[in-house]
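Written below as structure tokens is the structure these notes are about.
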Amino acid sequence: MDEILSAIVDGAESDDFRALPIPESYRGAVLLAEETGMFEGVPSDRKDPAKALHLQDVPTPEPGPGEALVAVMASAVNYNTVWSAIFEPVPTFAFLRRYGKASEEGRRHDLPYHVLGSDLAGVVLRTGVGVSGWKPGDRVVAHCLSAGLNSADGHDDTMLDPEQRIWGFETNFGGLAQLALVRANQLMPKPRHLSWEEAASSGLVNSTAYRQLVSRNGARMKQGDNVLVWGAGGGLGSYAVQLVHNGGGIPICVVSNAHKAELVRSMGAELVIDRAAEEFTFWRDERTPDPKERKRFGERIRELTGGEDADIVLEHPGRETFDVSVFVARRGGTIVTCASTSGYEHQYDNRYLWMSLKRIIGSHFANYREAWEANRLICKGMVHPTLSKAYPLDGVGEAVTSVRRNEHYGKVGVLCLAPEDGMGVEDEEFRARHVEAINRFRTPDPLTA
Ligand code: NAP
């Protein structure tokens, strides 16, 4: 690995990378199939992802047709790594087994270990047969949609491919490791003004928020739209706020503490609800939503907006908030959901949906085009990474646990081959032009600042 790292740091040419020997094994953050029962009987909120994650040497896979092997300088923690490492709702080995049964190519992924991670910034080391757009030495980020496109179904929108998988969650050889195996059609140019860990932090959440809000597959946000953003100081939310601003919309940001409120205000948001400080409790008990609380929340939105409701609600907390989201969307408005962090069996009052002609849109990650457009906004300095802290690879357990406990801000990064923060910036001049915004959005984690 030392030779690979030196070549990257020295800015070696493509031929130099071609000549480099590929190590037979590499270090990665893995789950072990033999441990999937380790949390049996433990309540969900007591499951500690750090116990299930191991740093382990694993054999290096060969890139097959259409694939690329990438040296990973940095990666990021996504919530799918939390789910994976607490084996909820199902152990990810079930996905790998299914992939193994689906095709010859999938068989390589069905292993007794699972290398996790759905984001990366790094350098291409090898490409497989049939890859023409990328070559060894290219500095890249990877989006997490793995799709073979062998069925007609996926050719209008890649997310509809029946064999679509989230890389590093439903496939093996993910980004929380020194090397990663991706399809070449996951690769995108690394934003040249960003460090490795900044570049690695945005991909999954930025693309997801882009599809939810901007794309024709999502809510098709327009100028002036009021957009309610749950978790505006978290991963998805901190990019949603930026996309809403860019598109001429008005974000209404929900957060749960004063620091996150400050963070979203520093991003330019003016309408902020601190759900903890304002003591919103949307449920009377586990089964009964509180109509008075959802009404109070709707009134709070009107108070902030001068009497208007939310045109779009960016939903992801799920069970605890979905009833409120349906209620507060304006007549004819849209609730666009991509997740259910607090529980996937939603309960809501359907009268507020049909009588007021609202729509619920299910959304999942993004197709290549959407991910490319979202990455382009980063490359152009129109969306900035919201990284609050980068952990070393051997601190990955701690990093994932901080996200599990909702103690983090914005994104949490992981340095893989990069020995320290701040390396990898290629375009210093462009960075200097945007440095004020870059620093503002990279609000330090108050726990460690
Ligand atoms: P994150 O960084 O943990 O942020 C989530 C935010 O949601 C938190 O900061 C928290 O903010 C808020 N939140 C958590 N529980 C809540 C509750 N019960 N009620 C209200 N707000 C709550 O996670 P993320 O990366 O943004 O991801 C969020 C969810 O989206 C995860 O479940 C993830 O798996 C999912 N996701 C899905 C896709 C997809 O492609 N389908 C892609 C990305 C993410 P406050 O405490 O400050 O309110």
Side-chain angles (χ1 to χ4, degrees), residues 44-45 49 76-86 88-89 118-119 143-146 159 164-170 201-213 215 217-218 228-241 252-264 269 272-278 280-283 293 297 313-325 336-344 346 361-367 370-371 374 386-389 399-413 445:
S44 185
D45 59 357
V77 176
N78 285 293
Y79 218 91
N80 65 11
T81 298
V82 174
W83 298 127
S84 305
I86 58 172
E88 286 190 17
S118 301
D119 270 314
H143 71 76
C144 65
L145 167 62
S146 171
M159 285 307 298
Q164 164 272 318
R165 293 182 170 81
I166 299 297
W167 159 71
F169 176 58
E170 294 166 299
S201 64
S202 308
L204 187 147
V205 284
N206 186 36
S207 312
T208 305
Y210 183 90
R211 180 177 172 110
Q212 280 188 278
L213 293 176
S215 162
N217 295 309
L228 182 74
V229 180
W230 291 104
L236 201 56
S238 57
Y239 289 85
V241 172
I252 305 159
C253 298
V254 189
V255 295
S256 66
N257 65 43
H259 183 79
K260 285 187 194 172
E262 192 189 310
L263 171 65
V264 297
V272 182
I273 301 175
D274 181 337
R275 66 185 173 99
E278 298 186 31
F280 282 106
T281 36
F282 299 123
W283 292 75
E293 280 293 270
F297 193 74
V313 181
L314 183 104
E315 238 304 327
H316 53 90
R319 182 168 170 79
E320 279 188 26
T321 56
F322 204 81
D323 174 65
V324 180
S325 295
V336 57
T337 174
C338 75
S340 291
T341 313
S342 64
Y344 52 79
H346 296 182
I361 298 179
S363 191
H364 187 38
F365 187 58
N367 62 37
E370 290 159 344
T386 60
L387 184 71
S388 58
K389 184 172 178 181
V400 178
T401 297
S402 77
V403 174
R404 168 64 171 160
R405 293 189 180 145
N406 195 15
E407 291 168 351
H408 66 299
Y409 295 82
K411 289 295 298 177
V412 170
D445 185 335

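Start at 1 and go down the list; that is how both ligands and their atoms are numbered. If you read the sequence from its start, that first residue is 1, and numbering goes on from there.
When only modelled atom types and interatomic distance are considered, Arg275 and Thr321 share no side-chain donor-acceptor pair under 3.5 Å. At a cut-off of 3.5 Å, with distance as the only test, a side-chain donor of Ser44 or Glu88 sits close to an acceptor on the other residue. There is a side-chain donor-acceptor pair under 3.5 Å between Glu315 and Ser325. Using modelled atom types and a 3.5 Å distance limit, the side chains of Asn78 and Asp119 yield a donor-acceptor pair.
Judged by distance alone, the side chain of Gln212 and the main-chain N or O of Val336 form a donor-acceptor pair under 3.5 Å. Panel note: side chain Ser201, backbone Leu387; no donor-acceptor pair is recorded below 3.5 Å. Although no hydrogens or angles enter the test, the distance criterion places no donor-acceptor pair under 3.5 Å between the side chain of His316 and the main chain of Ser340.
Of all the listed residues (Glu315, His316, Lys260, Arg275), His316 holds the heavy atom that lies closest to atom 5 (C) of ligand 1. Residue nearest to atom 32 (O) of ligand 1, selected from Val255, Thr341, Asn80: Thr341 (by heavy-atom distance).
Those atoms of ligand 1 that come under 4.0 Å of a heavy atom in His408, given as number and element, are 1 (P), 2 (O), 3 (O). Ligand-side atoms of ligand 1 in range of Val205: 25 (O), range being under 4.0 angstrom from any heavy atom. Every atom of ligand 1 is numbered from 1 in the order shown, and the set under 4.0 Å from a heavy atom of Gly234 is 2 (O), 4 (O), 9 (O). Within ligand 1, the atoms closer than 4.0 Å to a non-hydrogen atom of Thr321 are 19 (N), 20 (C), numbered from 1 in the order shown.
Atom 37 (C) of ligand 1 has Cys338 O, 3.4 Å as its closest protein atom, hydrogens excluded (heavy atom only). Counting only heavy atoms of the protein, atom 18 (N) of ligand 1 lies nearest to Glu320 OE1, 3.0 Å. Here the heavy atom of the protein found nearest to atom 42 (C) of ligand 1 is Thr208 OG1, 3.2 Å. Given atom 46 (O) of ligand 1, the protein heavy atom at minimum distance is Ser256 OG, 2.6 Å. Remark: minimum distance from atom 11 (O) of ligand 1 to any protein heavy atom is reached at Gly231 CA, 3.4 Å. In terms of protein heavy-atom proximity, atom 26 (O) of ligand 1 is nearest to Leu236 N, 2.8 Å. For atom 40 (O) of ligand 1, the nearest non-hydrogen atom of the protein is Phe365 N, 2.7 Å. The nearest protein atom to atom 27 (O) of ligand 1, hydrogens excluded, is given as Tyr79 CB, 4.2 Å; this is a heavy-atom distance.
For a threshold of 3.5 Å applied to N or O pairs, the pair formed by His364 and ligand 1 contains at least one separation below that value.
With a 4.0 Å heavy-atom cut-off, ligand 1 is reached by the side chain of Asn406 but not by its N, CA, C or O. Counting heavy atoms under 4.0 Å from ligand 1, residue Leu204 touches it through the side chain alone. Residue-level proximity to ligand 1 for Asn257 is absent, since no heavy atom of it falls below 4.0 angstrom. In Ala339, the part holding a heavy atom less than 4.0 Å from any atom of ligand 1 is the side chain.
Classified by interplanar angle (parallel below 30°, tilted 30° to 60°, perpendicular above 60°), the ring pair Phe365/His143 is parallel.
Between Arg165 and Leu145, the closest side-chain pair of non-hydrogen atoms is not below 4.5 Å. In this structure, the side chains of Phe297 and Leu228 come closer than 4.5 Å at one or more pairs of heavy atoms.
Considering only residues two or more places apart in sequence or on other chains, Phe322 meets the ring pair (Phe, Tyr, Trp, His ring centres under 6.0 Å) condition with His346, Tyr348.
Exactly one of Val229, Leu204, Asn206 qualifies for a side chain to side chain contact (heavy atoms under 4.5 Å, CB included) with Tyr239. That residue is Asn206.
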